Structures are given as structure tokens and as C-alpha cells.
Amino acid sequence: MSAVSDQSPPATGSSSGASYAAAGVDIDAGDRAVELMKEWVKKTQRPEVLGGLGGFAGLFDASALKRFERPLLASATDGVGTKVDIARRLGVYDTIGHDLVAMVMDDIVVCGAEPLFMTDYICVGKVHPERVAAIVKGIAEGCVLAGCALVGGETAEHPGLLGPDDFDVAGAGTGVVEADRLLGADRIRTGDAVIAMASSGLHSNGYSLVRHVLLNQAGLDLDARIDELGRTLGEELLVPTKIYSLDCLALTRTTDVHAYSHVTGGGLAANLARVIPDGLHAIVDRSTWTPAPIFDLVGKTGQVERLELEKTLNMGVGMIAIVPEESADVALETLADRGVEAWVAGEITERGDYATGAEMVGDYA
């Protein structure tokens, strides 16, 4: 979001007439990109944000944290992996930013933290101003959905390392939570309900497997309509990652949430196990939901074993909430009111002879 650079000093003049532009870095295009993205960044502003776009650092008024007794800052950083290759192939750049915000801010909200602000990093082989602005537009829209401000970032041009149409995105975010409201393993008790929140699709993990199976092995065309998906393959693969941040915060206001788990790389069981304390075990019943057709398409097309699918893809669940059993109905009602499909998918039990903190049982409905 600041002026475009290639992360190195400008080339010096020489008798051969070398220049930065001749080396592949177009500063004017970078400036144009910044101008195009300004209107989108402005839409994300919170009252605590100081200054405008173009400074060397984003400013956030920390005095806003005085309302907390003991504020804990939560931070996270992430990217969207090889999903960017699908966006590049299709020439669709205004949704990948939703994925980036979701990957960062939904990690932050897991501990109960309110998202505050985010910065982005966009790396391109060649700056196409409209393309960069479209990426930032998606990031800004995602920040609005997460309730955070986009306070700064960097767009870097790397000619010679990336092709003219290649790009990657990453981001970092910060949130805040009151110390005595911090969520996590220490709150979980035997008998707690495991509530699953539906994913919007593949989200942003497992695309190396998905691309390998569907594009490389099966040779499917991204523009081909797939009947079981009800749309083209490319449209399915670019469905933005659902952003749960504000839904999770709303849930913590209406019921006694003990923990959240963001289902990303590693799958449902592995991510859920990260918040289960020693001595307890989470059992998730597959029969409580039916994964969307895209998961079956990947599995059958690539003859991928179920356990391999489950440790790579989210299988239709993007976020888990663990709440007291008696609070499950209120939790489901709150989520339904916010348009989030959710259901009780399991429970917390004693560890017993289980080797891990979470296990999936039964067969999908």
C-alpha cells in the first residue's frame, strides 16, 4: 500500500543508460496503484486510526485500549497459499483479499480477541495498477467484514523473480482481548458441546492437492461447468473464505464460549486438538453433516483416502466453538440469527485411551 519497490536500492546510472524502469520496476505504475486503492482503504477506517495512506507506518491510537482492565494484544500473520494461482489463471483478483483477511483475523478471534487493524504485503512480477487495486479492494472489503482497519502495507515489484502476471499476498493483524476473557483450553470441561460452523467451501487450504488432482491429473478446465457443483470449477475454487470474526465475537456476548478452533491447514481434528487440554478429548461425529460436493469431487477424482482428505481440507467446517452443553441451543440460535449455518457436531469427553486430543467418528451423512 506504500509506494512500490523491489526491496532493493534503485539501479545507478551507467554509460549503457541503465535505469530502474529498464530493470523492470515501474515506479509510476506503483504510484498509480496507490491512487486507485485509496478509496477502498478509506472504507476500513476505525476511529482509532490516525493519518492517511502513504506514510511509512500505520498509526493506531492505543489510548482506545484504556477501556480494558488488562488488555492482551493478539497477533497473527498468514497468506492464502497456492489459491493465488487460480486467481491468476482466471484473471479474477477482487476476492483473494477476503481469503487473506479470513486467514489472519479468524486466527486472532480464536482467543476471543477483537480484531483491530491489519497490514498487507502484495508481491508482483509486474505492477498492473488496476490489478493491484482489485486485490486491495478485496482486502478492504474483508477488513470491513472482520471489523478491523487496514492501516498500511507494501506492494513490491520483483521482476526476474516472478513472471509478469505472478503475484502473492500476505498479511499481519492485531487484536485485543481482556485478560480475564481470554478463551482457550483451560476453560474446556467434560460434557461441553462441540459446535461446527459451516465453511463456504475449500477456503484457503489444500490447494496444492486440489490443483494437482483436478487440474494436473484430471486435466479439468477451470471454465468448465461441473453439474454437481452447480457452477464452473473456477467459480467454485475462488469462493472466498468465510470470515467468522464478528460472528464469534457476537457469540461470546450471548453465551459462555470456552474455546474456538479455526479449521485451516491440517484439517478439523488436528486444529481442534490444539485447544483441547491434557486429559480431555473431543469427539466429532461425521454423521452430523454432509460435506459440499467439491470435497467429494476432489476425493473421487484423485482417489484420495478419506483420512488424507480430512487432514488436508476443512471438509465443510471452517470454525469450531466449544460451549457448555446447556448453552448449545443459545449458541445455535445466535449463529442462525447472523446467517451462520451451525450444528452440534460432537462433545468433550475424558481422554481415556485416546492417543490424541480430537477424533472424528462415524460416516458423513
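Nothing here was measured: the structure is a model prediction, and the numbers come from that model. Heavy-atom basis, side chains included; hydrogens, waters and symmetry copies ignored.
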### Task
Check whether Leu229 and Val239 end up in the same hydrophobic cluster, where Ile, Leu, Val, Met, Phe, Trp and Tyr are linked by side-chain heavy atoms less than 4.5 Å apart.
no
### Message
What's the separation between atom OG1 in Thr174 and atom CG in Leu116, rounded to the nearest 0.5 Å?
### Response
7.0 Å
### Within-4.5 Å side-chain heavy-atom neighbours: Arg89 and Leu215
yes
### Minimum side-chain heavy-atom gap Val104-Thr77 below 4.5 Å
no
### Query
Is there a donor-acceptor pair under 3.5 Å between the side chain of Asp99 and the backbone N or O of Ser204?
no
### Query
Within the distance-only criterion (no hydrogens, no angle test), does the side chain of Trp289 pair as donor or acceptor with the backbone N or O of Met315 below 3.5 angstrom?
yes
### Task
Would you confirm whether Asn314, through its side chain, and Gly201, through its main-chain N or O, come within 3.5 Å as a donor-acceptor pair?
yes
### Query
Roughly how far, to the nearest 0.5 Å, is CG of Leu183 from SG of Cys111?
7.0 Å
### Query
Any side-chain donor-acceptor pair under 3.5 Å between Gln217 and Thr301?
no
### Query
Below 4.5 Å, heavy atoms only, C-beta onward: do Tyr93 and Glu130 meet side chain to side chain?
no
### Query
Is a side-chain N or O of Tyr260 found less than 3.5 angstrom from the main chain of Cys248, in a donor-acceptor match?
yes
### Flag, side chain of Lys311 to backbone of Gly265, donor-acceptor distance under 3.5 Å
no
### Query
Is it the case that one hydrophobic cluster holds both Ile86 and Val84, taking links as side-chain heavy atoms less than 4.5 Å apart, direct or via other members?
no
### Query
How long is the span from the CG atom in Leu220 to the CG atom in Leu233, to the nearest 0.5 Å?
6.0 Å
### Query
With a 4.5 Å limit on heavy-atom distance, are the side chains of Leu73 and Leu65 in contact?
yes
### Message
I'd like to check Leu100 versus Met118 (side-chain heavy atoms, cut-off strictly below 4.5 Å). Are they in contact?
### Response
yes
### Query
Taking the side chain from Arg351 and the backbone from Asp278, do they hold a donor-acceptor pair closer than 3.5 Å?
no
### Message
Under a 3.5 Å distance rule, please check whether His281 uses its side chain to pair with a backbone N or O of Thr356 as donor and acceptor.
### Response
yes
### Message
I'd like to know if Arg189 and Asp192 make a salt bridge, using a cut-off of under 4.0 Å between side-chain N and carboxylate O.
### Response
no
#### Entry: Atom pair SG/CD1 of Cys148 and Ile243 - distance to nearest 0.5 Å
8.0 Å
### Task
Verify whether one side chain among Thr334 and Thr254 offers a donor that lies under 3.5 Å from an acceptor in the other.
yes
### Task
Report whether Tyr207 and Val80 are members of the same hydrophobic cluster (ILVMFWY, side-chain heavy atoms less than 4.5 Å apart, transitive linking).
no
### Query
So, do Val109 and Leu249 sit near enough that their side-chain heavy atoms are less than 4.5 Å apart?
yes
### Query
Can you check salt bridge (charged side-chain N to carboxylate O under 4.0 Å, His left out) on Arg306 and Asp363, steps first, answer last?
CA-CA 10 Å; Arg306 185 170 69 180; Asp363 295 316; 3.0 Å; yes
### Message
We want to know whether Asn271 and Ser261 form a side-chain donor-acceptor pair, criterion being a heavy-atom distance below 3.5 angstrom.
### Response
no
### Query
Hey, is CZ on Arg274 packed in by over 12 heavy atoms from elsewhere, all under 6.0 Å?
no
### Message
Is there a side-chain contact between Val124 and Asp166 in this structure, where contact means two heavy atoms from C-beta onward sitting under 4.5 Å apart?
### Response
no
### Flag, side chain of His258 to backbone of Ile322, donor-acceptor distance under 3.5 Å
no
### Query
Between Asp165 and Lys126, is there a side-chain N and carboxylate O pair less than 4.0 Å apart?
no
### Task
Verify the cluster assignment for Val344 and Val275: are they in a single hydrophobic cluster under the rule of side-chain heavy atoms below 4.5 Å apart?
no
### Message
salt bridge (charged side-chain N to carboxylate O under 4.0 Å, His left out), that's the test. Do Asp180 and Arg70 meet it? Break it down for me.
### Response
CA-CA 8 Å; Asp180 63 6; Arg70 184 188 170 200; over 6 Å; no
### Message
Is the ring pair Phe60/Phe117 parallel, tilted or perpendicular, if the boundaries are 30 and 60 degrees?
### Response
tilted
### Query
Between Tyr244 and Lys242, is there a cation-pi geometry (under 6.0 Å to ring centre, at most 45° from the normal)?
yes
### Query
Has the side chain of Glu154 got a donor or acceptor atom that lies under 3.5 Å from a matching backbone atom of Tyr121?
no
### Message
Pairing donors with acceptors under 3.5 angstrom, does anything connect the side chains of Asp106 and Ser245?
### Response
yes
### Query
Between Arg67 and Glu114, is there a side-chain N and carboxylate O pair less than 4.0 Å apart?
yes
### Message
Side chains of Thr349 and Glu347, heavy atoms from C-beta outward: is any pair under 4.5 Å?
### Response
yes
### Query
Under 4.5 Å between side-chain heavy atoms, hopping through other hydrophobics if needed: is there a path connecting Phe167 to Val101?
yes
### Task
Apply salt bridge (charged side-chain N to carboxylate O under 4.0 Å, His left out) to the pair Glu310 and Arg286, showing each step before the final yes or no.
CA-CA 11 Å; Glu310 290 180 342; Arg286 298 184 185 94; 2.6 Å; yes
### Query
Backbone N or O of Glu235 within a donor-acceptor pair of the Thr232 side chain at under 3.5 Å?
yes
